[in-house]
Amino acid sequence: QVQLVESGGGLVQAGGSLRLSCDASGRSGSIYAMGWFRQAPGKEREVVAAISRSGGYTYYGDSVKGRFTISRDNAKNTVFLQMSSLKPEDTAVYYCAGKYTSRSYYVLREVYEYDNWGQGTQVTVSS
């Protein structure tokens with residue numbers, strides 16, 4: 001198992017950008033498929049983006065396609081979420097998630113598929 005810690009959240013105006021980071025410790029993060037999820041008040045937790053163990057395959061939720069980019073640096077055991085053209089509806093707590101994966105190409109898109117979660121970081125976008 002790994003411990004996941006998110007950082008980079010904060011307040012930003014609509015149209016602005018933020019970069020979130022997820023640092024993995026305890027065990028190599030390079031053997032995990034990773035994802036970013038978010039949960040807004042009164043809504044279900046939803047997938048934002050996901051990335052394979054190798055970093056070669058990605059998935060994006062429809063609402064963030066073209067605006068967000070997920071990437072990873074396996075040497076540093078870090079996963080990033082670059083967020084651009086932010087909208088007020090992007091306001092949510094953003095969570096990093098990981099799952100040990102035996103296949104380098106697996107991309108996990110569902111909350112139930114993950115068993116390691118960070119504490120979350122708040123992103124607030126003002127209009």
Taking all atoms of both residues into account, what is the closest heavy-atom pair of [X] and [Y], and its distance?
X: L108; Y: A50; result: O-CB, 3.2 Å
X: R109; Y: V47; result: O-CB, 3.4 Å
X: Q82; Y: S17; result: NE2-CB, 4.1 Å
X: C22; Y: W36; result: CB-CZ2, 3.7 Å
X: M34; Y: G98; result: SD-CA, 3.6 Å
X: S104; Y: S52; result: O-CB, 3.2 Å

Rounded distance [0.5 Å steps], [atom1] in [X] versus [atom2] in [Y]:
X: T124; Y: L11; atom1: OG1; atom2: CG; value: 5.0 Å
X: S84; Y: L18; atom1: OG; atom2: CG; value: 9.0 Å
X: S63; Y: F68; atom1: OG; atom2: CZ; value: 7.5 Å
X: S54; Y: Y106; atom1: OG; atom2: OH; value: 13.0 Å
X: R19; Y: S7; atom1: CZ; atom2: OG; value: 9.0 Å
X: Y94; Y: L20; atom1: OH; atom2: CG; value: 7.5 Å

| task | Using the side-chain contact (heavy atoms from CB on, under 4.5 Å) rule, take D73 and F80 through it: C-alpha gap first, then chi angles, then the decisive distance, then the call. | result | CA-CA 8 Å; D73 184 342; F80 304 97; 4.2 Å; yes
[X] with [Y], same ILVMFWY side-chain cluster at under 4.5 Å:
X: I31; Y: V107; value: no
X: Y57; Y: Y59; value: yes
X: I70; Y: V5; value: no

| query | Got more than 12 heavy atoms from elsewhere within 6.0 Å of CD, Q119? | reply | no
Residue pair [X] / [Y], side-chain heavy-atom distance below 4.5 Å:
X: Y95; Y: V111; value: no
X: T69; Y: Y60; value: yes
X: W117; Y: R45; value: yes
X: V93; Y: F37; value: no
X: Q122; Y: T91; value: yes

| request: Could you note down all residue pairs passing salt bridge (Lys or Arg N to Asp or Glu O under 4.0 Å) where residues 78-103 supplies at least one of them, sequence neighbours left out? | output: R38-D90, R67-D90, K99-D115
| request: Mind running side-chain contact (heavy atoms from CB on, under 4.5 Å) on L86 and Q13 for me, showing each step along the way? | output: CA-CA 8 Å; L86 284 162; Q13 291 188 351; over 6 Å; no
| request: Starting from the C-alpha separation in whole Å, work towards a yes-or-no answer on side-chain contact (heavy atoms from CB on, under 4.5 Å) for I51 and Y32. | output: CA-CA 9 Å; I51 191 166; Y32 287 78; over 6 Å; no
